[in-house]
Amino acid sequence: MADSVLSAHGLGKTFQVGKRHVVALADIDLSLRRGECLAVVGESGSGKSTLANLILGVHTPTTGEIHLDNAALPAERQLTHRKRIQLVQQNPLSALNPKRSVRASLRLALDIHGIGTPQSRHDRVNSLLSDVGLDPALADRRPAALSGGQRQRVAIARALAPQADVIVLDEPTSALDVLVQARVLALLNTLRAQHTLSYLFITHDLAVVRNVADRVAVFENGRLVELQTTSDLFSCPKADCTQRLLAAVPVVSPSELALRDALSKRNDHDEP
Amino acid sequence: MKRIVAILLLNPLSLLGLVLVSAVVCGAVFADWIAPFPEHRGAVVDFSNFNQPPNWPYIMGTDLVGRDIFSRILYAYRISLLLGVVVLVIAVPIGVISGLAAGYLKGWPSFVIMRITDVFLSIPPLVLAMSMMGLLEPTLINGMLAVTAMWWPWYTRLVYNVTRAEKQEGYVLAAETLGASTPHILFREILPNCLPPILTKMTLDFGFVILIASSLSFLGLGVQPPTPDLGSMVADGAKYLPDSWWLTVFPGLAILVAVFGFNLIGDALRDILGAES
């Protein structure tokens with residue numbers, strides 16, 4: 001596919017657990033288009049995280065290949081490959097080293113990939129923080145001194161630091177409260193447009209999928225069972241698994257809906 | 001660091017530990033000026049004052065050849081502290097590096113390191129040190145080697161366990177996906193997060209090293225006469241209990257003060273660093 005930045009061809013992963021062979025992922029063909037947000041959804045154990053780990057090079061595939069710009073990625077990733085594929089994790093507190101300041105965490109990405117001169121990296125850290133909506137004055141703080149939303153913004157800034165074009169978002173909002181979730185999702189959408197980023201958005205939250213994804217891949221028992229545009233998937237789900245996932249979405253009662261509308265109108269009215 | 005010192009000074013028990021350890025360290029370092037009879041650290045004989053109970057100027061009495069026990073305790077502290085420093089300076093880096101490698105790496109390197117560690121851990125520490133001292137000449141250097149041989153595996157085991165837990169943290173995965181090298185991940189990412197338990201154990205171990213070295217000397221396998229050593233002083237005096245009690249009680253109390261002081265500081269550090277992490 002001409003506009004594909006990342007693609008999987010016959011991708012599979014089998015783990016050996018004692019004497020048993022557990023198939024975590026089997027025969028996956030999937031492509032991520034440049035500038036696209038592809039959501040990967042599925043129940044626990046469906047193979048979403050295994051797919052992310054294979055793409056990041058944490059695990060090596062048992063079968064198949066991953067292509068970056070139509071060139072197969074080797075089992076031992078080079079720095080040039082790592083630079084282009086980055087990760088934002090679920091738990092931002094765990095994702096940042098508690099003993100390192102925000103500046104040190106962000107500089108690490110710049111130092112490893114030799115981005116800028118040692119002098120310019122200080123300014124680059126400040127501009128990365130500004131890009132994700134954080135005050136550069138926070139740079140000398142440690143993660144424990146930041147809120148959950150601020151930590152996740154730092155993690156996003158770190159993923160941007162090596163000038164990556166593919167970002168694997170592993171449930172990036174599920175550890176955040178709903179207001180912070182909305183702000184982080186808005187930030188991710190803005191950054192995608194600004195930097196022509198491609199997102200592989202792993203989540204089990206279909207409300208989030210509806211807001212950010214262009215296409216949705218549904219996984220079940222390590223297999224890709226459905227791949228559709230977001231609007232088609234929500235209007236006409238085909239696979240049984242997709243229908244089950246959609247049926248499980250909590251429905252807002254009419255009274256709650258009325259309350260939400262009223263609050264939203266009041267907030268609009270209060271806005272300066 | 002300033003905060004840690006402030007907390008240590010505010011807690012009565014840790015303050016007591018600091019006072020005891022400071023007294024021991026000052027006594028050892030400034031023994032040449034504090035000791036009333038500096039020459040009594042060596043082979044001095046003064047039969048006119050032998051086996052004296054505590055009196056002036058022998059505040060802790062004299063031994064069977066008339067040497068001042070207080071002066072000898074100060075010089076014995078110097079040997080004990082030197083032994084503690086040397087043992088920890090050698091054992092901790094060996095244990096930390098092997099523990100980090102075994103905890104982070106997979107497959108045979110981890111297996112080999114941990115099985116060697118298990119072999120050392122399976123032998124009772126004092127038996128291992130006694131065997132080594134039996135094979136080697138009983139000197140201060142060999143004493144340090146023997147104690148070091150029994151000490152590093154505990155650090156390997158401690159750091160291995162902490163590293164295994166830290167390896168699951170997201171920041172390690174983040175460093176890996178950024179392309180950080182293995183030495184960077186081990187020493188710059190994981191090691192700083194292992195430091196609180198290592199520092200706590202080092203402080204506690206300082207007292208235990210002094211205790212073990214004294215035990216070896218008590219058995220005649222440590223530092224040899226006429227060099228003063230707390231363990232051999234207790235052993236020499238034990239034959240004359242209870243009549244010449246000062247020969248045993250003061251060196252024994254000296255061991256207790258050092259070990260108790262380091263334990264109090266170790267406990268306080270554990271609480272402070274544990275709460276921090």
Side-chain angles (χ1 to χ4, degrees), chain A residues 49 52-59 76-101 104-115 142-144 151-152 154-164 166-168 170-172 175, chain B residues 1-4 7 96 99-100 103-111 158-159 161-202 269-277:
Chain A
S49 295
N53 287 336
L54 291 174
I55 288 171
L56 290 163
V58 176
H59 299 317
E76 286 295 321
R77 298 281 169 89
Q78 307 297 311
L79 269 183
T80 48
H81 304 129
R82 296 211 176 271
K83 178 180 176 176
R84 295 192 52 196
I85 307 175
Q86 281 302 306
L87 167 72
V88 176
Q89 300 173 57
Q90 180 177 4
N91 183 352
L93 184 58
S94 157
L96 300 171
N97 192 333
K99 301 289 180 197
R100 279 178 173 270
S101 67
S105 287
L106 296 181
R107 265 202 78 126
L108 177 66
L110 302 174
D111 290 342
I112 288 174
H113 296 286
I115 294 169
R142 288 198 178 177
R151 286 176 203 143
Q152 196 59 299
V154 173
I156 293 168
R158 182 177 56 190
L160 294 176
Q163 296 161 349
V166 174
I167 298 186
V168 176
D170 189 0
E171 311 232 16
Chain B
M1 190 64 200
K2 278 182 189 166
R3 206 179 66 81
I4 292 175
I7 294 173
V96 166
L100 278 172
Y104 182 70
L105 302 173
K106 296 171 194 162
W108 66 265
S110 171
F111 180 83
L158 171 75
V159 176
N161 287 334
V162 181
T163 305
R164 295 269 294 178
E166 290 296 324
K167 194 181 160 184
Q168 308 303 321
E169 293 290 332
Y171 70 83
V172 176
L173 176 62
E176 286 170 347
T177 53
L178 277 173
S181 64
T182 302
H184 174 94
I185 292 172
L186 289 181
F187 297 108
R188 302 289 301 278
E189 300 289 333
I190 297 177
L191 180 59
N193 289 287
C194 299
L195 281 180
I198 295 172
L199 287 176
T200 305
K201 184 167 169 55
M202 279 176 72
L269 269 183
R270 185 183 55 203
D271 294 344
I272 296 166
L273 297 173
E276 264 200 339
S277 55

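Every chain is numbered from 1 and lettered A, B, ... according to where its sequence line falls, protein lines coming before strand lines.
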Q.
Does any part of the side chain of B/Tyr171, heavy atoms only, come nearer than 4.5 Å to the side chain of A/Pro98, both counted from C-beta?
A.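 Side chain of A/Pro98 against side chain of B/Tyr171, heavy atoms only: contact under 4.5 Å found.
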(Q) Report, in residue-number order, which members of residues 84-94 of chain A are under 4.5 Å from chain B by heavy-atom distance. (A)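 Near chain B, by residue number: A/Ile85, A/Gln86, A/Leu87, A/Gln89, A/Ser94.
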Q. For chain B, which residues of residues 106-113 of chain A have at least one non-hydrogen atom nearer than 4.5 Å to it?
A.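 Heavy-atom contacts from residues 106-113 of chain A to chain B are A/Leu108, A/Ala109, A/Ile112, A/His113.
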Q.
Using the salt bridge (charged side-chain N to carboxylate O under 4.0 Å, His left out) criterion, which residues pair with A/Lys83? Sequence neighbours excluded.
A.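 Counting only residues at least two positions away or on another chain, A/Lys83 forms no salt bridge (charged side-chain N to carboxylate O under 4.0 Å, His left out).
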Q: Give a yes or no on this: more than 12 heavy atoms of other residues, nucleotides or ligands lie within 6.0 Å of atom CZ of B/Phe187.
A: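 Atom CZ in B/Phe187 is packed in, count exceeds 12.
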Q. What part of A/Arg100 lies closer than 4.5 angstrom to a heavy atom of chain B: side chain, backbone, both or neither?
A.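 Looking at A/Arg100, just its side chain touches chain B.
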Which side-chain N or O atoms in residues 172-179 of chain B pair as donor and acceptor under 3.5 Å with protein atoms at least two apart or in another chain?
unit_1	atom_1	unit_2	atom_2	d
B/Glu176	OE2	B/Tyr104	OH	2.6
B/Thr177	OG1	B/Leu173	O	3.1
B/Thr177	OG1	B/Ala174	O	2.9

Q.
For A/Lys99 versus B/Pro196, what's the shortest heavy-atom pair and its separation?
A.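 A/Lys99 and B/Pro196 have their closest heavy atoms at NZ-CG, 4.3 Å.
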